[in-house]
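Below: the structure, in structure tokens.
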Amino acid sequence: MDTAAAPVETPPAPPAAEVTLPSRRRMRAEVWIVMGLSLGQTAVYAAVRLIERYLDTTPISGQTTTLNPSRSSIDVIDLVRQLLTIGFALVPVALALYLLSQHGASARRRLGLVGPARAGWRDLGWGAILAAMIGLPGLALYAISRAFGQTVTVDTSGLPDAWWAATILLLSAAAAGVLEEFVVVGFVLTRLRDLGRSPWTAIILAALLRGAYHLYQGWPMALGNVVMGLVFGWVYVRRGRLAPLVLAHWTLDAVAFIGPELVPHEWLVQLGVA
């Protein structure tokens with residue numbers, strides 16, 4: 001008699017058709033929780049900051065906002081705090097992926113993060129196209145809105161002249177791309193569609209959220225981000241892949257963060273962005 005234990009069979013994962021969504025009440029709660037912990041909270045603060053800017057005695061055109069500020073006068077502590085800030089900023093992304101993976105669902109599959117190598121190359125191409133489509137008009141919008149006195153000066157780096165500064169700026173750009181696209185498009189837009197919203201309703205609501213958390217720069221730049229959100233949302237709904245959006249966003253922010261350090265200051269002045 002064979003006394004060896006019989007192998008334990010693992011039941012197969014349910015096919016995609018059998019994946020069930022959470023209740024509508026739960027999905028609405030998930031959206032509010034993720035928003036309250038991430039970009040929804042940022043949007044509220046940005047709206048209050050915009051009101052504060054217009055109430056300030058200094059015109060909005062004379063005000064400055066600094067992205068990627070230094071966090072300590074001690075070099076090594078500044079580096080550690082920069083890395084911690086980037087790391088903790090991505091926790092809402094982990095939460096969003098976890099929530100999208102409930103009841104046998106695959107978040108990677110739902111967001112189009114799977115596929116053959118050629119799909120990755122297409123994602124790269126679409127990312128470059130989107131970056132060009134958004135980047136050049138965005139630069140023009142910033143210069144025009146500055147000329148009309150409705151946008152603050154955006155200082156893209158407040159980091160010290162340290163050996164790690166460029167790396168932190170690139171990591172910060174990557175984190176922003178991942179956070180915003182995974183949360184705004186990957187989670188919010190997806191959940192809105194799960195709740196029965198039409199594709200364009202979901203795209204518009206997600207785009208308005210994107211614009212809201214950029215209000216701290218001034219209303220023209222917030223409006224520009226709404227347009228960016230409409231384009232990104234449409235591409236995502238049509239293609240069903242999130243990677244091109246993340247790649248495009250990272251490219252835009254990387255150029256914005258690193259560019260001013262590489263381009264001569266006189267050029268930036270001539271372009272109206274310095």
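Quick caveat: nothing in here was measured; it's all calculated off a predicted structure. All residue numbers in this chain count up from 1 along the given sequence.
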Within a strict 4.5 Å, meaning less than it, do heavy atoms of the Tyr216 and Leu50 side chains meet? no

Within the supplied structure, the quantity of interest is the number of heavy atoms (other residues, nucleotides, ligands) at a distance under 6.0 Å from Arg108 CZ; does it exceed 12? no

Is there a side-chain hydrogen bond (donor to acceptor under 3.5 Å, both in side chains) between Asn68 and Ser172? Walk through the geometry before answering. CA-CA 8 Å; Asn68 306 298; Ser172 179; 2.6 Å; yes

Output, in order, the C-alpha distance, side-chain angles, deciding distance and verdict of side chain to side chain contact (heavy atoms under 4.5 Å, CB included) for Ile33 and Leu99. CA-CA 11 Å; Ile33 291 170; Leu99 294 174; over 6 Å; no

Note, Arg210 side chain near Val226 side chain (heavy atom, < 4.5 Å): no

Can you find a pair of side-chain heavy atoms, one from Leu245 and one from Trp126, that are under 4.5 Å apart? no

Tyr54 and Gln150: side chain to side chain contact (heavy atoms under 4.5 Å, CB included), yes or no, with the steps? CA-CA 10 Å; Tyr54 279 107; Gln150 295 300 312; 2.7 Å; yes

Find the distance between CZ (Phe182) and CG (Leu39) and round it off to the nearest 0.5 Å. 13.5 Å

Val246 with Leu170, same ILVMFWY side-chain cluster at under 4.5 Å: no

For the pair Val93 and Leu179, evaluate side chain to side chain contact (heavy atoms under 4.5 Å, CB included) and give the outcome as yes or no after the intermediate values. CA-CA 6 Å; Val93 175; Leu179 173 64; 4.0 Å; yes

Thr156 and Leu169: which non-hydrogen atoms are nearest, and at how many Å? O-CD2, 4.2 Å

Can you find a pair of side-chain heavy atoms, one from Phe232 and one from Glu180, that are under 4.5 Å apart? no

Taking the side chain as everything from C-beta on, heavy atoms only, tell me whether Val152 gets closer than 4.5 Å to Thr65. yes

If you draw a 6.0 Å radius around OH in Tyr45, do more than 12 non-hydrogen atoms from other residues or ligands fall strictly inside? no

Just checking, any donor-acceptor pair under 3.5 angstrom between side chains of Arg146 and Ser61? no

Has Thr66 got a side-chain atom pairing as donor or acceptor with Pro69's backbone, closer than 3.5 angstrom? no

Taking all heavy atoms of Ser145 and all of Pro220, pick out the closest pair and write down the distance. CB-CB, 3.5 Å

For atom CH2 of Trp200, decide whether the heavy atoms of other residues, nucleotides or ligands shown that lie under 6.0 angstrom number more than 12. yes

State yes or no: do Leu84 and Leu79 share one hydrophobic cluster built from I, L, V, M, F, W and Y residues joined by side-chain heavy-atom distances below 4.5 Å, directly or via other members? no

Taking the side chain as everything from C-beta on, heavy atoms only, tell me whether Leu130 gets closer than 4.5 Å to Val235. yes

Mind checking the CD1-CG spacing from Ile51 to Asp56? Nearest 0.5 Å is all I need. 13.5 Å

With clusters defined by side-chain heavy atoms of hydrophobic residues (ILVMFWY) lying less than 4.5 Å apart, directly or transitively, does Ile74 cluster with Leu159? no

Looking at side-chain heavy atoms only, is the closest gap between Thr201 and Leu192 below 4.5 Å? no

Taking CH2 in Trp164 as the centre, count heavy atoms belonging to other residues, nucleotides or ligands within less than 6.0 Å. Is the count above 12? yes

Tell me, which pairs form a salt bridge (charged side-chain N to carboxylate O under 4.0 Å, His left out) where one or both residues lie in residues 191-207, sequence neighbours left out? Glu30-Arg191, Arg110-Asp194, Arg191-Asp194

Taking Phe187 as the starting point, is it possible to reach Leu90 by hopping between hydrophobic residues whose side chains are less than 4.5 Å apart? yes

Taking Tyr236 for its side chain and Val231 for its backbone only, find out whether a donor-acceptor pair lies under 3.5 Å. no

Which pairs pass salt bridge (charged side-chain N to carboxylate O under 4.0 Å, His left out) with one or both residues in residues 65-90, sequence neighbours excluded? none

Are Val183 and Ile86 connected into the same hydrophobic cluster when the rule is that any two of I, L, V, M, F, W, Y join if their side-chain heavy atoms are below 4.5 Å apart? no

Hey, mind stepping through Leu37 and Trp32 against side chain to side chain contact (heavy atoms under 4.5 Å, CB included) and telling me if it holds? CA-CA 9 Å; Leu37 293 173; Trp32 284 112; over 6 Å; no

Shortest non-hydrogen contact between Ala243 and Asp123, atoms and distance: CB-OD2, 3.6 Å

Of the non-hydrogen atoms in Pro22 and Gln102, which two are nearest, and what is the gap between them? CG-NE2, 3.7 Å

Shortest non-hydrogen contact from Pro244 toward Arg241: CD-O, 3.5 Å

Met35 versus Val188, closest heavy-atom pair with distance: CE-CG2, 3.5 Å

By side-chain contact (heavy atoms from CB on, under 4.5 Å) - contacts of Ala174 (at least two apart): Trp250

Does the side chain of Val184 reach to within under 4.5 Å of the side chain of Leu189, using non-hydrogen atoms? no

Approximate separation, where rounding is to 0.5 Å, of Leu223 CG and Met228 CE: 13.5 Å

Under 3.5 Å side-chain donor-acceptor pair for Arg49 and Gln217: no

